[in-house]
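Each chain gets a letter, A, B and so on, in the order its sequence line appears, and its residues count up from 1.
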2 protein chains.
Amino acid sequence: MKSKRTSLQDIADVVGMTKMTVSRYLKNPQLVAPSSRIQIENALNNMGYIPNRAPNILSKGKSYAIGVLFPSISNHVFDEVLRGIESVTEPAGYQIMIAHYAYSPQLEEKRIASLLSFHVDGLILSESVHTQNTLRMIAGSGVPVTEIMDTRKPPIQQAVGFDNEEAAKQMTERMLSKGYQNITYIGAKGDVRDLARQQGYEIAVKKVGREPIIFRSPEITSMRLGSEILHNILAIRPKIDAAICTNDDVAIGMLLSCKKKGIRVPDDIAITGMHGHEMGQLTSPALATVITPRFKIGQVTAQQLIARINGATNSETHIDLGFEIYEGESM
Amino acid sequence: MKSKRTSLQDIADVVGMTKMTVSRYLKNPQLVAPSSRIQIENALNNMGYIPNRAPNILSKGKSYAIGVLFPSISNHVFDEVLRGIESVTEPAGYQIMIAHYAYSPQLEEKRIASLLSFHVDGLILSESVHTQNTLRMIAGSGVPVTEIMDTRKPPIQQAVGFDNEEAAKQMTERMLSKGYQNITYIGAKGDVRDLARQQGYEIAVKKVGREPIIFRSPEITSMRLGSEILHNILAIRPKIDAAICTNDDVAIGMLLSCKKKGIRVPDDIAITGMHGHEMGQLTSPALATVITPRFKIGQVTAQQLIARINGATNSETHIDLGFEIYEGESM
DNA sequence: TTGAAAGCGCTAACAG
DNA sequence: CTGTTAGCGCTTTCAA
């Protein structure tokens, strides 16, 4: 257990050759004599050799690793994004290193520093706001970076996602067209996308001459949060007849709590979410939501990033993959 | 953008000293002359220097990184475990590298190889079954490994978790004591823990002279899966009056579908889950479940692992952190 | 207070 | 077909 890791030299010693021959065997067995091949193969199998990437990272400056930063791993929005990323990185031979930062730019900075210190070849970020230091490090590292989910803000280098403001605006308009009079926006610990959605909502309600009604919690989104917010809303604003939530988690929390309290959805209150998680289709009523192209965001992002790692320079700075309004049964 | 990463030498060149002086400044500014300090500090700030861990990994064989393998990042069971892990690794200065393997031992092997090739100092695995190759690599690497979640099987080195078989057995007994006559076990794509739970269920029902009734899907657990399974069960076995599910996701999927179909829980069918996710407390009825110490599992695992990385040898091979039956309202 | 040399494990480039 | 040499970026050790 205490033994140190098997190195190429250890293998070479056992078979009585130099590590160079063993190295060749590893890259291309054709290059070594058949008799040597067998010996090396045996030694390799017995000794549990694991290649060490550090020397290569050092001499070539390439790690074949991509750093992926998510605000939180319990935010199910990113499950599909990750699958999309891996659908590209896996066949391309890149390893991804996932980290999360609890929606904090300071923690994001720390994570990025850490990922860069491992010499990742590229970064996928889920945020469009960063600390000064983060920006400096990214510039100094020279690695390509893609920011995902939103396409509004000018990105560091490239953004892949959809227009959150427009999505919320269209959803609000749809709700208005259904006759809801007092629609409220439910926000949570605000990343920029949440605020963009709120803005879309505000634009839509103001356009029809109404005052926005905002509920905003400093907590991270969760179903429990949605449930708590519902209680508050009822206590403070009994005449609200519809709620557009920053995401499906919050919306489902509200919806389940309504059912628990005997409040009818959508008759007493309409509820809509954002992202189109499968879970929203299991509730009754099925949740109205904005279906976002999460898998595709991951996929396109990884393709773009790998292309740029390999020298592509003609990439678009904004790639908007659109969205789709789904009415479900909750509005 | 195409510029290569800033190195210590680059900084040294700018300030007209050797990289050694800059290196000293980074570790302990006291060691360099105040006049030099200022120059170095300025250069550092302007050039966005990121320390490169590769040389240290190479020369010291230590990366201050811990590899964490989860079967799937969309399995919410592991959210809390991760939080527990990070509550220890963060203050201790260890970076964690998360990877997932879709419940496949082959993929797990690939991921472990990759993590080890980055020279992680320790590994946290979520599975107790591994390929031959995996075991050989782990032995060859000499890194400490802890397997989490279950404490039944003999671990590679150390296991931290609870007794899945006993948990399911006790839950089944509780259900039997409430008078349910035809309890079925709902399993999914079976990791060993799922099978252990099934076994606990079987032991309990056989003890009272009944035949086990098993529904097992080859799919990964999800709420949607629970929903589908409910439909099948009703088609095939209308007289089942209770279901013990392999986890909360499946149980909630079943529960929501029951409500959608007008089946009363627990009057028509009782449903119980496993793990105690907060979501289960938002449904009505609140889900009966086994509350498992997930945060603590992560915490204890990380403590143990770091101790062993630093040479501790007196660790227990099995650490059982227990569980708690919660009746909720669904049984 | 600063510098110079050596070495971590591997591979590219160049012999032989 | 196989060996030798050098070097990636940093820190440890020794010297000045």
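With respect to the salt-bridge test (charged N to carboxylate O, under 4.0 angstrom), the residues B:R83 and B:E86 do not qualify.
Checked by atom type, the side-chain pair B:E109/B:T131 shows a donor-acceptor distance below 3.5 Å. For the residue pair B:Q158/B:T317, the side-chain donor-acceptor check at 3.5 Å is not satisfied. Defined by atom type and a distance below 3.5 Å, a donor-acceptor pair is present between the side-chain atoms of B:Q157 and B:R308.
What separates CG of A:L31 from P of D:dG3 is a distance of 14 Å, to the nearest Å. Between the CG atom of B:D10 and the C1' atom of D:dC10 there is a distance of 13 Å, given to the nearest Å. Atom CZ of B:R24 is separated from atom P of D:dT12 by 10 Å (rounded to the nearest Å). Distance, A:M20 CE to D:dC1 P: 15 Å, rounded to whole Å. Across the protein-nucleic acid pair, A:Q30 atom CD and D:dC1 atom P stand 9 Å apart, rounded to whole Å. Per the geometry, CZ belonging to A:F118 stands 15 Å off P belonging to D:dC10, to the nearest Å.
A heavy-atom distance below 4.0 Å to DNA chain C is reached by these residues of residues 37-57 of chain B, ordered by number: B:P55.
Protein chain B contacts DNA chain C over a range whose 5' and 3' limits, counting nucleotides with an atom under 4.0 angstrom from a non-hydrogen atom, are C:dT1 to C:dG9.
A 4.5 Å side-chain heavy-atom check between A:T134 and A:E108 finds at least one atom pair inside the cut-off.
The side chain of A:V32 approaches D:dT2 more closely than any other nucleotide in the set D:dT2, D:dG3, D:dT11. Of the candidates D:dT12, D:dG9, D:dG3, D:dG9 carries the atom nearest the B:S7 side chain, counting heavy atoms from C-beta on.
Under the 3.5 Å distance criterion, the side-chain polar atoms of B:R152 are left unmatched by any main-chain donor or acceptor of B:N164.
Among the atoms of the strands shown, base atoms are found under 4.0 Å from some heavy atom of A:K19.
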